[in-house]
Enquirer: 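Below is the structure I would like to discuss, written out as structure tokens.
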There are 2 protein chains.
Amino acid sequence: MASNGCPVDPLLRTITGRWTTHILWLLYTEGELRFGELMGLMPDISAKVLTDRLRMLERNGIVLRTQKQTIPPQVSYELTKQGQDLHVVVRALNTVAVEWQALGWEPDKGFPALEAAE
Amino acid sequence: MASNGCPVDPLLRTITGRWTTHILWLLYTEGELRFGELMGLMPDISAKVLTDRLRMLERNGIVLRTQKQTIPPQVSYELTKQGQDLHVVVRALNTVAVEWQALGWEPDKGFPALEAAE
DNA sequence: GTAACTGGTTACAAAAAGGTAATTACTTAC
DNA sequence: GTAAGTAATTACCTTTTTGTAACCAGTTAC
């Protein structure tokens, strides 16, 4: 899968994957969260995918992983300083989602046709 | 692929796919563009994928397709009124991408380790 | 001694997405 | 009559992503 030449593309590939933005949203709104808490907040994600995403975000300097050497282990995740830069993106997405929901937008259907508009 | 339960998820699936955000960026910065112009601005996209994306964005009320009945045909695409709501998202992405580039961020590598930081 | 707890990993199968290349339609210019 | 031009469509194959299910480690509580 080659780059598409757009300078924003690497960022997009990093933060917009399935579940990824949701994880960022949770870490942004809830702050530090443990692995199990993230699993609980996203009931349909599998441990495999959550691990993949967290490792990827860690590699990219967006999320910080902290492990306490206890038994059983306690691992928590939080946004790094740079990761918090993403709040503008996440909030913009949220704003539009809320706006469009109010307008009755539905995926693959668009906006309801108003007789006297569009 | 089931929904992940997040209210922002449908919007994410719609506007963050491969090429999709790039198309939105181009329509946002350049205004109305013809099919062939879009192809020219994204040299690596195929006609198939571009058509898929444009149809999808049209279905979702984000892009408006206008066809002139000439031979050969002239088809152009522009953002709808609601599609223009996405400018906050697109600009936020651009802002972060530029910022992170300045900081030396690289995909899968993160930010360069500064001796006296992090 | 065995189950529970947390945070994973691994192998495998299924599904979705993406890319390639050939083909179409219609008319005008050569 | 044949090529050019625009905007696609179609069939097919490959790659990527996603999900499922089983398994592991180390210690404590029962």
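Note that the structure is predicted; figures quoted are calculated from it, not measured. Basis for what follows: all heavy atoms, side chains included, without hydrogens, waters or symmetry-related copies. Letters A, B, ... are given to chains in the order of the sequence lines, protein chains preceding strands, and every chain is numbered from 1.
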Enquirer: Atom CG of L12(B) and atom NE2 of H22(A): how far apart are they, to the nearest 0.5 Å?
Expert: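 Taking CG in L12(B) and NE2 in H22(A), the distance rounds to 10.0 Å.
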Enquirer: Less than 4.0 angstrom between a side-chain N/O of R65(B) and OP1 or OP2 of dA8(D), yes or no?
Expert: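 Affirmative; the distance criterion is met.
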Enquirer: Listed in order of residue number, which residues of residues 35-43 of chain A have a non-hydrogen atom at under 4.0 Å from DNA chain D?
Expert: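 DNA chain D contact set from residues 35-43 of chain A: none.
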Enquirer: With sequence neighbours excluded, what pairs up with E37(B) under the side chain to side chain donor-acceptor pair (under 3.5 Å) test?
Expert: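 Checked E37(B) against side chain to side chain donor-acceptor pair (under 3.5 Å); zero matches.
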Enquirer: Going by side-chain contact (heavy atoms from CB on, under 4.5 Å), name the residues that satisfy it together with Q84(A), two or more places apart in sequence or in a different chain.
Expert: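 Partners of Q84(A) under the side-chain contact (heavy atoms from CB on, under 4.5 Å) test: L79(A).
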Enquirer: What is the separation between atom CZ on R13(B) and atom C1' on dT18(D), rounded to the nearest whole Å?
Expert: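 My rounded result for the distance is 11 Å.
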Enquirer: Distance check needed: dT6(C) P versus K68(A) NZ, whole Å only.
Expert: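 The answer, rounded to whole Å, is 14 Å.
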Enquirer: What integer distance in Å separates L33(B):CG from dA7(D):P?
Expert: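 Result: 11 Å.
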Enquirer: Quickly work out the E58(B) CD to dA7(D) P distance and round it to whole Å.
Expert: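 That distance rounds to 14 Å.
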Enquirer: Using a 4.0 Å heavy-atom cut-off to protein, can you give one letter per nucleotide of nucleotides 20-30 of chain D, 5' to 3': B if the base is in contact, S if only the sugar-phosphate is, - if neither?
Expert: B-----BS---
Enquirer: What salt bridge (Lys or Arg N to Asp or Glu O under 4.0 Å) pairs are there with at least one residue in residues 64-93 of chain A, not counting sequence neighbours?
Expert: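 For residues 64-93 of chain A, and leaving out neighbouring residues, there are no salt bridge (Lys or Arg N to Asp or Glu O under 4.0 Å) pairs at all.
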Enquirer: In whole Å, what is the span from the CG atom of L50(B) to the C1' atom of dG19(C)?
Expert: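 Between C1' of dG19(C) and CG of L50(B): 14 Å.
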Enquirer: Nearest-Å distance, CZ (R55(A)) to P (dT17(D))?
Expert: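 The distance from CZ of R55(A) to P of dT17(D) comes to 18 Å, rounded to the nearest Å.
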Enquirer: Rounded to whole Å, how long is the line connecting atom CD of Q74(B) with atom P of dC26(C)?
Expert: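 Taking CD of Q74(B) and P of dC26(C), I get 18 Å after rounding.
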Enquirer: What pairs with V98(A) under side-chain contact (heavy atoms from CB on, under 4.5 Å), at least two apart in sequence or on another chain?
Expert: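 Per chain and number, V98(A) pairs via side-chain contact (heavy atoms from CB on, under 4.5 Å) with N94(A).
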Enquirer: Going by salt bridge (Lys or Arg N to Asp or Glu O under 4.0 Å), name the pairs with one or both residues in residues 92-113 of chain A, residues two or more places apart or in two chains.
Expert: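 Passing the test, one end in residues 92-113 of chain A: E106(A)-K109(A), D108(A)-R59(B).
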Enquirer: Could you give the OH-to-P distance, from Y77(A) to dT6(C), as a whole number of Å?
Expert: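 Rounded to the whole Å, the gap is 15 Å.
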Enquirer: Have a look at the helix from dG1(C)-dC30(D) to dC30(C)-dG1(D) and give the angle its two end axes make, five pairs each, rounded to 10 degrees.
Expert: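 Rounded value for the end-axis angle: 30°.
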Enquirer: Tell me whether the OP1 or OP2 atom of dA16(C) has a side-chain N or O from R18(A) closer than 4.0 Å.
Expert: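 Indeed not, no polar side-chain atom of R18(A) lies that close.
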Enquirer: Name all residues meeting the side-chain contact (heavy atoms from CB on, under 4.5 Å) criterion together with T29(A); count only those two or more places apart in sequence or in a different chain, and write none if there are none.
Expert: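 Listed in chain order: W25(A).
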Enquirer: Surrounding CD of E32(B) (heavy atoms of other residues, nucleotides or ligands, distance under 6.0 Å), is the total greater than 12?
Expert: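 Yes, because the 6.0 Å sphere around CD of E32(B) holds more than 12 heavy atoms from other groups.
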Enquirer: Tell me, please, which residues at least two apart from I71(A) pass side-chain contact (heavy atoms from CB on, under 4.5 Å).
Expert: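 Counting only residues at least two positions away or on another chain, I71(A) forms no side-chain contact (heavy atoms from CB on, under 4.5 Å).
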Enquirer: Answer with base, sugar-phosphate or nothing: what part of the nucleic acid does Q67(A) contact at a heavy-atom distance below 4.0 Å?
Expert: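 No contact.
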Enquirer: Please name all residues satisfying side chain to side chain donor-acceptor pair (under 3.5 Å) with T16(B), sequence neighbours left out, ordered by chain then number.
Expert: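 Here no residue qualifies.
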Enquirer: Scan for side-chain hydrogen bond (donor to acceptor under 3.5 Å, both in side chains) pairs involving residues 48-57 of chain B, sequence neighbours excluded, and state none if there are none.
Expert: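 Sorted result for residues 48-57 of chain B: T20(B)-R53(B).
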